[in-house]
2 protein chains.
Amino acid sequence: MKLDEAKDKFIQQWGSLGSNWGINRTMAQIHALFLITEELLSAEDVMETLKISRGNANMNIRTLIDWGLVYKEYQSGERKEFFRGEKDIWKVTQRVMRTRQRQELDPMINVLAQLQTVESDKKNKKEVEAFTKQIKSIKSFADLADRSLTKISGSEENWFLKTFMRFMK
Amino acid sequence: MKLDEAKDKFIQQWGSLGSNWGINRTMAQIHALFLITEELLSAEDVMETLKISRGNANMNIRTLIDWGLVYKEYQSGERKEFFRGEKDIWKVTQRVMRTRQRQELDPMINVLAQLQTVESDKKNKKEVEAFTKQIKSIKSFADLADRSLTKISGSEENWFLKTFMRFMK
DNA sequence: CTATACTTTCAGTAATTAATGAAAGTTTGT
DNA sequence: ACAAACTTTCATTAATTACTGAAAGTATAG
């Protein structure tokens with residue numbers, strides 16, 4: 001396979017992976033491009049390579065920066081902004097975990113906490129008990145996931161690999 | 001909060017969580033309904049509770065069965081099918097992991113394997129090396145994730161909790 | 001201060017994804 | 001074998017989500 005073909009294939013596959021996981025295809029493709037590009041890229045470069053509009057490129061690069069997957073850098077002598085992708089796949093994973101934990105797990109946990117107290121009367125006592133029990137069990141699980149993610153996404157790769165490999169044996 | 005209000009809130013929240021993770025809102029809502037319903041439900045029940053069409057209910061219940069999150073059961077004396085949701089949140093997690101591993105991680109790993117061999121000529125030698133190195137590093141990570149998921153999704157909750165809690169300490 | 005080089009926003013539009021419901025298919029009881 | 005009771009499919013329609021591009025906004029150099 002030729003290099004350009006391989007790069008394109010990687011970008012497409014990463015894009016489709018992203019879109020299956022609720023991350024828009026273009027954002028995932030831009031991220032893929034940054035993952036396999038050593039050099040700094042400008043918004044223009046991204047637009048041209050992926051054939052997307054200025055607005056689209058700008059918005060998604062911005063989101064990638066928010067997620068901590070892309071960094072803004074300045075080239076001396078150049079007026080425009082350049083960007084560099086985080087290459088370390090372990091760091092990438094940690095940052096994706098963190099972002100999604102904040103955006104999705106934490107709100108879920110809040111709602112679950114609220115749902116633990118439901119009014120009960122003589123008519124539906126049994127039903128309320130069953131509901132509350134199930135919500136509590138989901139909440140416990142979500143709390144465990146939350147603590148785990150916090151620990152994992154704050155840990156060094158070395159620690160993680162060492163301990164995790166032992167765990168997985 | 002009233003019970004019905006709480007149930008509805010749970011269904012909505014689970015639906016929105018799902019849709020953020022690339023699972024269609026209705027499928028996630030049906031799943032939520034099954035998670036908090038002790039009794040058997042018919043397709044009709046689901047249609048009425050969630051105000052969705054017959055086709056929609058049927059297709060998504062089917063997918064939930066494929067994922068192993070809902071079971072088909074027959075009521076004696078009744079001609080129509082009834083369904084029961086898997087309540088154990090640990091099992092639910094394992095099955096979601098398994099399904100997504102099959103549907104998304106495995107294809108990604110296959111593509112990464114292909115991308116490891118890229119033709120090189122004197123002009124782009126350096127570039128090809130850098131690309132291959134990065135792909136290899138992503139592939140190793142994906143392989144680790146794959147092995148971990150296989151192990152976790154085949155393990156007992158007890159084993160998992162015991163070992164994982166030690167790991168997380 | 002002002003012209004230029006850039007970045008950001010956002011209303012309108014396009015593309016994608018999901019839902020409907022009627023028709024076709026299947027199963028079961030008599 | 002037939003009819004009733006139910007399930008599945010799928011073409012059409014609706015809803016959602018993402019993209020474009022022009023206009024507005026901002027920063028910098030001279």
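Chain A is the first sequence line, chain B the second, and so forth, proteins listed ahead of strands; every chain is numbered from 1. When reading the values below, keep in mind they use all heavy atoms of this one structure, side chains included, and skip hydrogens, waters and symmetry mates.
Between the NZ atom of A/Lys51 and the P atom of D/dT20 there is a distance of 13 Å, rounded to whole Å.
Closest-nucleotide positions on DNA chain D for B/Asn56 and B/Glu78 were compared, and the one nearer the 5' end corresponds to B/Glu78. Toward the 5' end of DNA chain C, the nearer of the two residues A/Phe82 and A/Arg25, judged by each one's closest nucleotide, is A/Phe82. Taking for each of A/Lys80 and A/Gly55 the nucleotide of DNA chain C with the nearest heavy atom, the 5'-most of the two is the partner of A/Lys80.
Proximity note for A/Asn24 (side chain, C-beta onward) versus D/dA18, D/dT8, C/dT7: the nearest is D/dA18. Each of D/dC19, D/dT8, C/dT8 was ranked by its minimum atom distance to the side chain of A/Arg62; first place goes to C/dT8.
Between A/Glu157 and A/Lys91, none of the side-chain N atoms (NZ, or NE/NH1/NH2) sits under 4.0 Å from a carboxylate O, so this pair counts as no salt bridge. A salt bridge is defined here as a Lys NZ or Arg NE, NH1 or NH2 lying under 4.0 Å from an Asp or Glu carboxylate O, and A/Glu129 with A/Lys133 fails to meet this definition.
For B/Asn58 and D/dC6, the shortest distance from a side-chain N or O to OP1 or OP2 is not below 4.0 Å.
The only option from A/Lys72, A/Glu81, A/Glu73 that meets the side-chain contact (heavy atoms from CB on, under 4.5 Å) definition with A/Leu40 turns out to be A/Glu73.
For CD of B/Glu78, the number of neighbouring non-hydrogen atoms (other residues, nucleotides, ligands) closer than 6.0 Å is greater than 12.
Put simply, the side chain of A/Arg79 and the base of C/dT4 share a donor and an acceptor less than 3.5 Å apart.
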